[in-house]
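Ligands are counted one by one from 1 in listed order, and the atoms in each one are counted from 1 as well. Only this structure's heavy atoms are used, side chains among them; waters, hydrogens and symmetry mates stay out.
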Amino acid sequence: MFERTKLIKNKIEHLCKTIEEHNVHYYCYDNPIISDSEYDVLMNELLNLESMYPNLITEYSPTQRVGSTPLESFNKIEHSIPMLSLSNAFTSEDVELFNKRVISSLLKKIDLRDDVEYFCDLKLDGLAINLRYENGILVHGSTRGDGYIGEDVTANIRVIRSIPLRLIGDFPKILDVRGEVLMYNVDFENLNNYNIRNGGRVFVNPRNAAAGSLRNLDSKVSSMRKLRFFAYGWGKIIDDQSAPNKLFKCQYKTHDSVLDWFISLGLPVNKRYHKVVSGISGILDYYNSIVNDRDSLPYGIDGVVYKVNSLDRQEMLGYSSRAPKFALAHKFLAEEAVTQIIGIDVQVGRTGVITPVARLKPIFVGGVTISNATLHNEHEIRRKDIRIGDFVVIRRAGDVIPEVVYPIIDLRPVNTTPFHMVVSCPICSSSIKRIDNEIAYRCTGGLYCSAQLKQGLKHALSRKAFNIVGFGEKLIDKLVDLGYLKSLVDVFRLSCSDLMKVELVAEKSATNLLRAINNARKPSLSNFIFAMGIRHVGEATAIDIANNFNTLESIIQASIDDLLSVKDVGSKTAESIRLFFSEEHNIGIINSLKSIGVYPLSDEYYKSNNLKLLEGKLFAITGRLPDYSREDIVKHIEDNGGRVTSNISKKNHYLIAGESSGKKLDFAIDNGIKVIDQKAFMKLIDL
Ligand code: IVH
């Protein structure tokens, strides 16, 4: 390299490092050591040099945060370790229960004499993201998505200044950093004021503004919105290729020490509000101090988070399918508001439970307009003396369904009417009754009740069950209303002409749908069990049961004791499974399914024989396909193990091209990427 270029390269590197260090002072330590204008001088110097020597620009240079060309859609990224959720608590009693559970589980493994040490943190009200660093360089950022697969929002992540584009210090080969992207209140207000003046979108709260900005296809838009980031955890960490997460676990024993390490890598961590405390009194003191400070924080929080601080103990406590057992979100009490009940309807759920729902004068609570709220059951309505016409307090806590809390008797108008429980099912007119000591009334119509049937079919055909792509909720409603579907069995008896009678379906899509139905005849045992909609049997339990018994027959014959021997199956679940398979009607459905060739294969068989057809294949799509929406074709690709990219590059294996294909087609032809049409694609996946 020429001496001069080397000098310039060094100068650029030096400027990058200096700016990165100032970012760390600003974002990690909240303690800038130079003024904003001094920072700008450094940035300008770097920009000048880079404009003269564009070939010396690195992908991690602080100037490379301006946003790139808008995307058509986001690619998907599979998380190497799932991004789980947190269990919630709303009261100190819930928190005490959590602490007791932690203690009793630990006592089974270790001799525990002192209070458990907890790491306390704020529960930031933003969006969870995963940042992947490889050899210290940020390679991608993704949203949480469904916890397993998120969206690739790298371009938008790169414009967030508090996220380092490269790490400093002692970083591992691979590091998945997890944390929250959020918007400070002041930036939210400025953004909305600006948008009001300029006719832009007005966001309801900082969280929505952060989400809208992070998920904007145009990263130039994101770059103008001031997003922030704080790291609170991690996913995969590889120091030593052969033993992921091992080396670092020898080095770091507690949650707080890992976060200190993160700070040394230049990652922003909300240390000011972190506290390591002892036992239940420690965590409740922390909660109370944060409740006091809440309004003075520059950003929104919706509670606090407690984690067992010792990493060894975290491992001992383990995970449930959706959340770690060593952590708890202690949420703030929900937001409340007053509005009037204009009517009370009842809804019929999948298992026939009849739930009274209040129709409300629409009201804005905690960032959304609410016009319905649950009244839970008749008993609650009587107990609280809630009447139609009453002014009531409604409550909305996080994502929980809004509820009517109590009526304001002082405001009661003269002409309120009490609620009377329906005497028969409003959908199918069957009688309703209470089962055993349950409070809820249930419709006795079973699958004769179209509401139960519709909900049951929606569940049975959903992704984690029979997973029939293209069989949406509206189609189910229509087919039930027209009398084509009276049970799950009928789904597999549908003919093309049946489908064509529903105006929602055109001939081509009817053929495709029938193929998809046909393809779903041999689900895995766990999907089949989940599809049955047995009470208390969620996705994780269905998998445990399937792996334990291996065949449907042995599950049908299993005794309560057999069932109880399955991990995580308690007596309630065991009884419910037994009850389900002792009902003639259910066995009848299973036998009818079998007689038309619909039966499950063991998960084991499924895994070894049903190697995904498109595993490892990268697809791009262009133009309009004759019979499939984008969403459906993407689903087909992903269900078969392939991935879809929004743009095309040389890495793509296939381009699926439809009508009025654009630039992607030219690129594929120029670069020898296989171009296929819809028909060829269907062949690829055996449809
Ligand atoms: S720890 C296994 N810490 O809360 C999940 N989460 O309800 C570990 N959140 O999706 C998460 N602040 O987006 C953790 N200090 C914090 C948090 C936090 C906000 C969010 C996060 C997560 C959700 C779970």
Any N or O of V305 closer than 3.5 Å to N or O of ligand 1: no
Mind checking whether [X] contacts ligand 1 via backbone (N, CA, C, O), side chain (CB onward), both or neither, at a 4.0 Å heavy-atom cut-off?
| X | result |
| --- | --- |
| N88 | neither |
| P324 | side chain |
| M83 | neither |
| L86 | both |

Options F230, F119, Y232, ranked by nearest heavy atom to atom 17 (C) of ligand 1, top entry: Y232
Selection residues 126-174 - residue pairs positive for ring-ring contact (aromatic ring centres under 6.0 Å, His included), sequence neighbours left out: none
Proximal ligand 1 atoms for D121, defined as those under 4.0 Å from one of its heavy atoms: 15 (N)
K307 to ligand 1, any heavy atom closer than 4.0 Å: yes
Non-hydrogen atom of G233 closer than 4.0 Å to ligand 1: no
Donor + acceptor pair across side chains of T254, D256 (<3.5 Å): yes
Any donor-acceptor N or O pair under 3.5 Å, side chains H25, N31: no
Please list the nearest protein heavy atom to [atom] with its residue and the distance rounded to 0.1 Å.
| atom | value |
| --- | --- |
| atom 9 (N) of ligand 1 | E180 OE1, 3.6 Å |
| atom 5 (C) of ligand 1 | L84 O, 3.5 Å |
| atom 12 (N) of ligand 1 | L124 N, 2.9 Å |
| atom 10 (O) of ligand 1 | A128 CB, 3.7 Å |
| atom 23 (C) of ligand 1 | K123 NZ, 3.9 Å |

Residue of the set Y118, W234, Y232 for which ring-ring contact (aromatic ring centres under 6.0 Å, His included) holds with H255: W234
K275 atom NZ, neighbour heavy-atom count above 12 within 6.0 Å: no
Partners passing ring pair (Phe, Tyr, Trp, His ring centres under 6.0 Å) against H79 (at least two apart in sequence or in another chain): none
Row check, Y184 ring normal vs R228 NZ/CZ: under 6.0 Å, within 45°: yes
Aromatic ring pairing F530/H459, orientation class (parallel under 30°, perpendicular over 60°, tilted between): tilted
CA sep, side-chain torsions, deciding dist, call: R294, I301, side-chain contact (heavy atoms from CB on, under 4.5 Å): CA-CA 8 Å; R294 184 181 181 183; I301 58 173; 4.2 Å; yes
